[in-house]
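What follows is a short report on a single structure.
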Amino acid sequence: MFVLALALFVMLACTSRGGKKVAASSATAATLPPGCVDLSGGYGADTASSAFYYRGRLMVVSDAGSFRVLADGYAADDSSGYFEGRPFRAQFPHTLAAVGGGYAKDRFSAYYRGREIATAQAGTFKHEGGDTARDQLDVYIKGVKQYSR
């Protein structure tokens, strides 16, 4: 009940405060509560209340002051990583970067759609195209180790 009340309050806050709305992609703009700012990639914010959204769904953000949108559905703050609006435990979220194809990496770990790839070596990890990525030793498809090189 509290979450529903909070969501309603935030939606009303976006509308009544008239947060600065920027020209947004029509898909993102259509899913944000009125008056919220489009941050790109489906993410939006009401700066007056520090509420964040992914495709219109209210998010729980650990550190609103450091929140940033990356690419490919990823975002991060200094405490967490986010994939499509859902938090995940990134080892070093302040260094998180999207690399393409649903993959991201931080200083020491690689991720597929927000799930850590335990065997990946982040230092040499790169997206090869489609669902495929590789590091110095292994090839991954959809985040699953396929074979060693």
Side-chain angles (χ1 to χ4, degrees), residues 1-11 13-14 19-22 24-25 27-33 36-149:
M1 184 70 166
F2 173 74
V3 173
L4 181 60
L6 178 63
L8 181 59
F9 168 77
V10 170
M11 287 173 62
C14 282
K20 180 181 168 195
K21 185 157 175 108
V22 296
S25 69
T28 301
T31 60
L32 287 175
C36 289
V37 177
D38 176 25
L39 300 177
S40 78
Y43 289 92
D46 174 18
T47 54
S49 67
S50 297
F52 290 89
Y53 298 87
Y54 180 75
R55 295 189 176 171
R57 186 179 68 237
L58 183 63
M59 295 173 54
V60 176
V61 174
S62 300
D63 184 0
S66 65
F67 185 83
R68 64 200 179 283
V69 175
L70 304 173
D72 231 9
Y74 283 96
D77 60 31
D78 287 347
S79 300
S80 298
Y82 303 88
F83 180 73
E84 295 183 346
R86 290 178 168 61
F88 69 93
R89 186 168 187 250
Q91 298 297 319
F92 290 89
H94 60 282
T95 65
L96 190 66
V99 296
Y103 292 96
K105 67 180 186 174
D106 62 23
R107 189 172 182 178
F108 291 113
S109 299
Y111 308 89
Y112 179 71
R113 299 183 58 81
R115 291 184 317 267
E116 185 174 4
I117 305 169
T119 58
Q121 297 179 352
T124 59
F125 191 85
K126 52 179 90 165
H127 177 232
E128 291 286 292
D131 295 331
T132 306
R134 70 175 175 87
D135 62 20
Q136 182 177 349
L137 302 174
D138 301 311
V139 174
Y140 303 87
I141 297 177
K142 293 186 177 181
V144 177
K145 180 178 167 181
Q146 300 299 305
Y147 57 89
S148 298
R149 299 168 5 102

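What you are looking at is a predicted structure, and each value in this text was computed from that prediction instead of being measured.
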Is there a donor in the side chain of Tyr111 and an acceptor in the side chain of Asp106, or the other way round, less than 3.5 Å apart?
->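 Judged by distance alone, the side chains do pair up.
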Around [X], counting heavy atoms of other residues, nucleotides and ligands shown, do more than 12 lie under 6.0 Å from its [atom1]?
X      : atom1 : value
Gln146 : CD    : yes
Arg86  : CZ    : no
Arg68  : CZ    : yes

Identify the heavy atoms of [X] and [Y] that sit nearest to each other, and give their distance.
X      : Y      : answer
Gly101 : Asp72  : N-OD2, 2.9 Å
Glu116 : Ser109 : OE2-OG, 3.1 Å
Lys105 : Val99  : CG-CG1, 4.0 Å
Ala71  : Ala98  : O-CB, 3.4 Å
Ala90  : Gly81  : CB-N, 4.2 Å
Ser49  : Asp46  : OG-OD2, 2.8 Å

When rounded to the nearest 0.5 angstrom, what is the spacing between [atom1] in [X] and [atom2] in [Y]?
X      : Y      : atom1 : atom2 : answer
Glu84  : Tyr74  : CD    : OH    : 9.0 Å
Thr119 : Leu137 : OG1   : CG    : 9.5 Å
Tyr54  : Met59  : OH    : CE    : 9.5 Å
Asp135 : Lys126 : CG    : NZ    : 10.5 Å
Gln91  : Leu96  : CD    : CG    : 11.0 Å
Lys145 : Asp138 : NZ    : CG    : 4.0 Å

For Arg113, which residues count as a side-chain hydrogen bond (donor to acceptor under 3.5 Å, both in side chains) partner, sequence neighbours excluded?
->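 None.
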4.5 Å side-chain heavy-atom contact, Phe67 and Tyr43 =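 Heavy-atom side-chain distance check passes, below 4.5 Å.
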Minimum side-chain heavy-atom gap Pro93-Phe88 below 4.5 Å |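 Of all side-chain heavy-atom pairs linking Phe88 with Pro93, none is under 4.5 Å.
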Intermediate values then yes/no, side chain to side chain donor-acceptor pair (under 3.5 Å), Asp77 and Tyr82 | CA-CA 8 Å; Asp77 60 31; Tyr82 303 88; 2.7 Å; yes
Look only at the side chain of Ser66 and the backbone of Asp78, and say whether a donor-acceptor pair between them is shorter than 3.5 Å.
->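 Indeed, once roles are kept as given, a pair shorter than 3.5 Å links the two residues.
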Backbone N/O of Ser62 and side chain of Ser80: donor-acceptor pair under 3.5 Å |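 No; judged by distance alone, with no hydrogens or angles, the pair does not exist.
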Verify side chain to side chain contact (heavy atoms under 4.5 Å, CB included) between Tyr112 and Tyr140, making sure each step is shown before the conclusion.
-> CA-CA 10 Å; Tyr112 179 71; Tyr140 303 87; over 6 Å; no
